[in-house]
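To keep things clear, I will list the structure first and then write my remarks on it.
Just so you know, these numbers come straight off a predicted model, no measurement behind them.
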Amino acid sequence: MPRYNPAEIEPRWQAFWEKDRTFATPELPKGRKRYVLDMFPYPSGDGLHVGHPEGYTATDIVSRFARMRGESVLHPMGFDAFGLPAEEHAIKTGEHPRIQTQRNIDNFTRQLKMLGFSYDWERVLATTDEGYFQWTQWIFLELYDTWFDVEQQKGRPISELPIPAEISAAGDRAVEAYRDANRLAYESDALVNWCPNLGTVLANEEVIDGKSERGDHPVQRIALRQWMLRITMYAERLLDGLENLDWPAGIKKLQQDWIGRSTGAEVDFYVGDDAKFQQWQADRAKTGFPSEAGDLALRVYTTRPDTLFGATYMVVAPEHPMVKSLTTTEQSAAVVAYCEKASFKSDRERTDGGEKVKTGVFSGSHAINPVNGKPIPIWIADYVLAGYGTGAIMAVPAHDERDFAFAKQFDLPIIPVVDPPSDHEQRNAILAGDFCFVAEGQAINSGKFDGKNTSEVKASVTASLDQQGQGGEAVNYKLRDWLFSRQRFWGEPFPILHELDADGNPTGIKRGVDPADLPVLLPDLKDYKPHGRPEPMLAKADDDWLYVSIDGKRYRRETNTMPQWAGSCWYYLRYIDPKNQQALVDPDKEKAWMPIDLYVGGAEHAVLHLLYSRFWHKVLYDRGHVSTPEPFGKLVNQGMILGDVEYSGYVQPDGKPVSTSDVRKDADGNRVTKDGVIVQSKSIDEEDVVKKGEGFVLKSDPAIKVDSRAHKMSKARGNVVNPDSVVREYGADSLRLYEMFMGPLEATKPWAMTGVGGVRNFLDRVWRMIVDQDADDLVLVDVISDDACDEDQLRVLHQTIRKVSEDCEALSFNTAIAKMMEFTNFFTRSDKRPKEAMLTFLKLLSPFAPHLCEELWHLLGQEGSIAKESWPQWDEAALVESSIEIPVQINGKLKAKINVSPDVTKDQLAEIALADEKVIALIDGKTIVKQIIVPGRLVNLVVK
RNA sequence: GCUGCUGUAGCUCAGUGGUAGAGCGCCUCCUUGGUAAGGAUGAGGUCAUGGGUUCAAAUCCCAUCAGCAGCUCCA
């Protein structure tokens, strides 16, 4: 009884592929190349979940398909293995994170191999490998050695940075400081989440609502010395580069929005002694608009310079450097208190403070509006962010929602300066200053600009400010420099040394570790518990590690570590040449394999990983280490896999069910009925519900509507599906096939275990199409023959070849599978199954269900791996049917069908249609007004 | 609030102006000493709703409704 038994077949073929090195990649491609990449996983302790194999199966099918078409395919896998969970585990158990990490990698590897993916396992890497992070550190040194030439829009070696004469004159220290201020990797003070109770610095994701995730302790924001990467210099190129990428439009837009380019003007508002305003203006007219505003002016950035006449007050961020100098003695106490309070709020609290009630405090001083010489008050408020633009704004309450809300709150004047279109519903309210209008219109209350439209006024105001040296055009980006250091143990150490003076204090001079001395390994620690000080974990290391002497000078190692993003920024390059000890990648190999032809991963990496990688890649490109300006040519996001559909309804405290249509959310977030009775959510068995109209209702009471939806898989909900158990019950080929059959790759879709059973049935059917499972031995069914296909079989076969080929290219795997199911249904009904057709079919199915196909391929007497066979070609001639059915419509409605040869002409078709009995009856006594005849498609008669 | 995506059979989805389809599930019947088995039939659709364009609309246009996802003080 030789039944289909994946548990026996699958491990056997996996062992064969490994021994045979079936999927070993050539060092250099022969002929056409295809680089197919999965976003590599973080090897968590939970192992794979069913979301992982979705993308992995898709890329595996593409890779196997491309190989069979004669292409050289690079299809590697690795592990993004630095990360917080391993460190948390180390803190708890004292076990080195490397041990736990390796255990998890081993488990992931086992699971991935169990699924039969055709990775070239000889290229596997982990970001935690010393031979890997050596080059991560090397790239950091390259960033450290690079400055961005704005003129050329290009990163260049720091040795080529032009040094201004006054800096050279000030000596070597000044030159070095100038260089440091221009490097792509630089140090700066930045706010971190310091938790005094835990005695450690926390990552943003470890902080929830201002409390630590672990222990619920308060978290403070304190400034700490940090490494930053000057990604902002590449903003324009990161934006431009998106244009030619074959990426989902949504991801491109997310990146564009994240970069957030806006154009407007910078304007200086005089804040000095009133008496000297005219003198200042005259000076400015002579010198022009300086690069720094100086002490006498407050510089703002605005995208609406046309509304300058409506600026009735100014706001600076609490962190703005001029807060102190702008604050008067009387206001001092209030301002200090306000700023301190703001400093305890995280960015999140400041930006999503519930109802968005504006807070602020008056500084006591005034600025002079450059367009009309009028003094306006300067406020300090945290709705203005220090990090965007200049950290200060001119407030135009009539035409900006936030300024409007603030002006209402603090009773500040509102002057409309843009007249909305005359048909605007709120026009009178806007002109009265009672309503905010943010769109474009005609200038009013704006002196000589009155009557002009917004874009004209923008241009003329900017030009006139420029002439007076009080403003200029400016471009701004939302994108911020990348905070690149973490105060953690389990990350790449920075290859940087800080020079110490005779007393052991830092001199401020730094040097990179000599590339020959890389990698800088992590120190051995006795334990991984936080040391309780707001500084990095590596400061716990022994002096042996911490201090270095070079040429008689003493240095202390940098103790920050790199963030998890670092290793994932360039791993795709290392796969090309994973064992190279001379370079991060051999240039010839890099040229031959890059760019990546298909990159598949989750949409959660839409912005950060993909933007950071592109940034590093562009720096490497500028410095001549890679040959393509962009790394990822085509990107596809696989959709999320949700848990099985669940039904739920609401019940009152007495157990009485309530229809979901009668349940609302009250102010406290409770679910209540119309009468205010709080109800409980209750899950309902699938058998107790029935479909009615749009939704589902209780079988027992159709008036009660219930919710039906699939939820995200989570441990808490208990709906996580484990690939190990699916493979055990159904086999890897069934899991692979089901993941692809669920729906389009990009769609979010619910898991249904019955569906896995469905595709398993299909594979069983494929098995029985070829194997006689009723025989005692493993023999073929007797209907397998050496005859040729008949016409219908040939057509079905070639239709299938075409559909599967086209769908594999287009990543529409679900429809390809549906077609193969049809093929199987057709041929199992057939009592003559030509062997040639079976072999061709197995080749088509082999990228999807490789184990089963290898097995059947051999049972049909073939040698070698089916993975090495060439992909079938379809024959157009075989697709044509000898007779086709043509619909005949009367007035656009289908009334009859006629059978004709596919190549009949228009006239013949009309003749045949008009001779049809049904048609004759239907048009009897009527006049044919018009005949629409499309050969091969239809006949439509318009009659009266 | 803004943006994007999606509404076709019980479920998951094909179908880009011309006959409403597939797979799974379901019903009924048959076969079966290897049974979460196989075979054969069949039912099931206001193509979310309303309007428009057209000889003809699931498909194009407008509006509405519903669901999902993401973003949100960026001056």
Side-chain angles (χ1 to χ4, degrees), chain A residues 1-3 248-250 253-254 257-258 260 262 264 300-304 307 315 350-353 356 358 381-385 387-396 399-403 405-406 476-480 603-604 606-607 639-640 642 645 686 689-691 693-696 708-710 729-730 738 741-744 746-750 752 754-762 764-765 768 773-774 776 807 812 814-815 817-822 825 828-829 885-897 929-934 936-943:
Chain A
M1 44 171 203
R3 308 193 55 197
K253 192 170 179 308
L254 278 173
D257 290 352
W258 189 266
S262 71
V300 303
Y301 171 71
T302 177
T303 55
R304 291 295 297 271
T307 60
V315 183
R350 275 171 65 163
T351 55
D352 64 18
K356 291 196 178 157
K358 301 273 184 290
D382 66 5
Y383 82 92
V384 170
L385 307 174
Y388 184 76
T390 61
I393 61 154
M394 62 173 204
V396 185
H399 305 293
D400 181 284
E401 301 278 2
R402 298 150 301 182
D403 297 344
F406 190 82
N476 249 295
Y477 302 92
K478 286 205 282 188
L479 185 68
R480 304 296 154 78
E604 66 272 22
V607 177
M640 207 192 332
L642 305 173
V645 173
E686 191 184 347
V689 299
V690 64
K691 174 117 178 168
E694 289 267 282
F696 288 83
S708 85
R709 55 172 299 189
E729 269 192 69
Y730 299 93
Y738 176 64
F741 189 53
M742 288 173 81
E746 298 89 339
T748 299
K749 43 214 175 269
T754 54
V756 188
V759 294
R760 169 62 194 263
N761 283 347
F762 163 62
D764 273 318
R765 225 156 38 236
R768 289 194 309 269
Q773 73 167 14
D774 295 333
D776 290 330
D807 285 354
S812 304
N814 54 329
T815 51
I817 294 167
K819 188 72 197 175
M820 289 189 282
M821 287 173 166
E822 287 180 54
N825 288 348
T828 33
R829 268 194 294 266
E885 201 177 50
I886 295 283
V888 182
Q889 298 177 344
I890 311 279
N891 291 338
K893 298 281 172 266
L894 179 70
K895 296 294 180 186
K897 290 175 184 178
V929 192
K930 197 172 175 184
Q931 297 183 8
I932 297 116
I933 294 153
V934 186
R937 299 307 295 260
L938 91 162
V939 175
N940 184 12
L941 304 172
V942 183
V943 300

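In this structure, CD1 in A/Ile817 is found 9.5 Å from CG in A/Asp807, a value given to the nearest 0.5 Å. Here the OG1-NZ distance, from A/Thr815 to A/Lys819, works out to 10.5 Å after rounding to the nearest 0.5 Å. From A/Leu941, atom CG reaches atom CD1 of A/Ile933 across 7.0 Å, with rounding to the nearest 0.5 Å.
On the C1' atoms, B/U16 is 14 Å away from B/C47, given to the nearest whole Å. B/G21 and B/A14 have their C1' atoms separated by 7 Å, given to the nearest Å. For B/G18 and B/A58, the C1' atoms lie 13 Å apart once the distance is rounded to whole Å. Using P as the reference atom, B/G23 and B/G39 are 13 Å apart when rounded to the nearest Å. Between B/G7 and B/C61, the distance separating the two P atoms is 14 Å to the nearest Å. Separating the P atom of B/A57 from that of B/C24 is a span of 33 Å, rounded to the nearest Å. Rounded to whole Å, the separation between the C1' atoms of B/G38 and B/A69 comes to 44 Å. Nucleotides B/A22 and B/G15 place their C1' atoms 10 Å apart, quoted to the nearest Å.
Looking at the side chain of A/Val384, the nearest of the listed nucleotides B/C73, B/C55, B/A75 is B/A75. Picking from B/A75, B/C13, B/A56 the nucleotide with the shortest atom distance to the side chain of A/Thr302 gives B/A75. Relative to the side chain of A/Ser262, the nucleotides B/G18, B/A75, B/A37 differ in distance, and B/A75 lies closest. Minimum atom distance to the side chain of A/Tyr388 is reached by B/A75, of the listed B/C13, B/C55, B/A75.
Considering only heavy atoms from C-beta on, A/Arg765 comes within 4.5 Å of A/Asn825 through its side chain. Inter-residue side-chain proximity for A/Tyr388 and A/Ile393 is flagged as unmet; no heavy-atom pair is nearer than 4.5 Å.
At whole-Å resolution of the value, NZ in A/Lys253 and P in B/U72 are 12 Å apart. Rounded to an integer number of Å, the gap from A/Trp258 CH2 to B/C71 P is 9 Å. For the pair A/Arg480 CZ and B/A75 P, the interatomic distance rounds to 11 Å; values are reported in whole Å. Atom CG of A/Leu254 and atom P of B/U3 are 14 Å apart (whole Å). Here the P atom of nucleotide B/A75 and the CD atom of A/Glu401 are 14 Å apart, to the nearest Å. Across the protein-nucleic acid pair, A/Arg829 atom CZ and B/G39 atom P stand 9 Å apart, rounded to whole Å.
Here B/A20 sits opposite no nucleotide as a Watson-Crick or G-U wobble pair (both hydrogen-bonding atom distances under 3.5 Å). When both pairing distances are held under 3.5 Å, B/A75 makes no Watson-Crick or G-U pair with any nucleotide shown. The nucleotide B/G4 finds its pairing partner in B/C68, both defining distances of the Watson-Crick or G-U wobble pair being shorter than 3.5 Å. B/G50 is paired with B/C62 under the criterion used here, namely a Watson-Crick or G-U wobble arrangement in which both key atom distances are under 3.5 Å. Partner assigned to B/A43 is none, using Watson-Crick or G-U wobble distances below 3.5 angstrom.
Between A/Gly389 and A/Tyr301, the closest heavy-atom pair is CA-CB, 4.1 Å.
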**Q.** Audit row: A/Asp764, A/Arg760, salt bridge (Lys or Arg N to Asp or Glu O under 4.0 Å) steps and yes/no
**A.** CA-CA 6 Å; A/Asp764 273 318; A/Arg760 169 62 194 263; 3.4 Å; yes
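Figure legend: A/Lys358 and A/Phe406 shown without cation-pi pairing, the cationic atom not lying both under 6.0 angstrom from the six-membered ring centre and within 45 degrees of its axis.
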Look for any protein N or O under 3.5 Å of an N or O in nucleotides 21-29 of chain B and output each such pair with its distance, or none.
residue	atom	partner	partner atom	Å
B/G23	OP1	A/Asn825	ND2	3.3
B/C24	OP1	A/Arg765	NH2	3.0

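With hydrogens and angles left out, the side chain of A/Lys358 and the base of B/C73 share a donor-acceptor pair within 3.5 Å. For A/Asn814 and B/C13, a side-chain-to-base donor-acceptor distance below 3.5 Å is absent, hydrogens and geometry of angles not being considered.
Summary of the strand contacts: A/Pro750 and A/Gly391 both lie near RNA chain B, and taking for each the nucleotide with the nearest heavy atom, the more 5' one is attributed to A/Pro750. Position along RNA chain B of the nearest nucleotide to A/Asp403 versus A/Thr748 favours A/Thr748 as the more 5'-ward residue.
Salt bridge annotation for A/Asp257-A/Lys253: present, with a cationic side-chain nitrogen under 4.0 angstrom from a carboxylate oxygen.
Counting any heavy atom pair closer than 4.0 Å across all strands shown, A/Ser812 reaches no nucleic acid atom.
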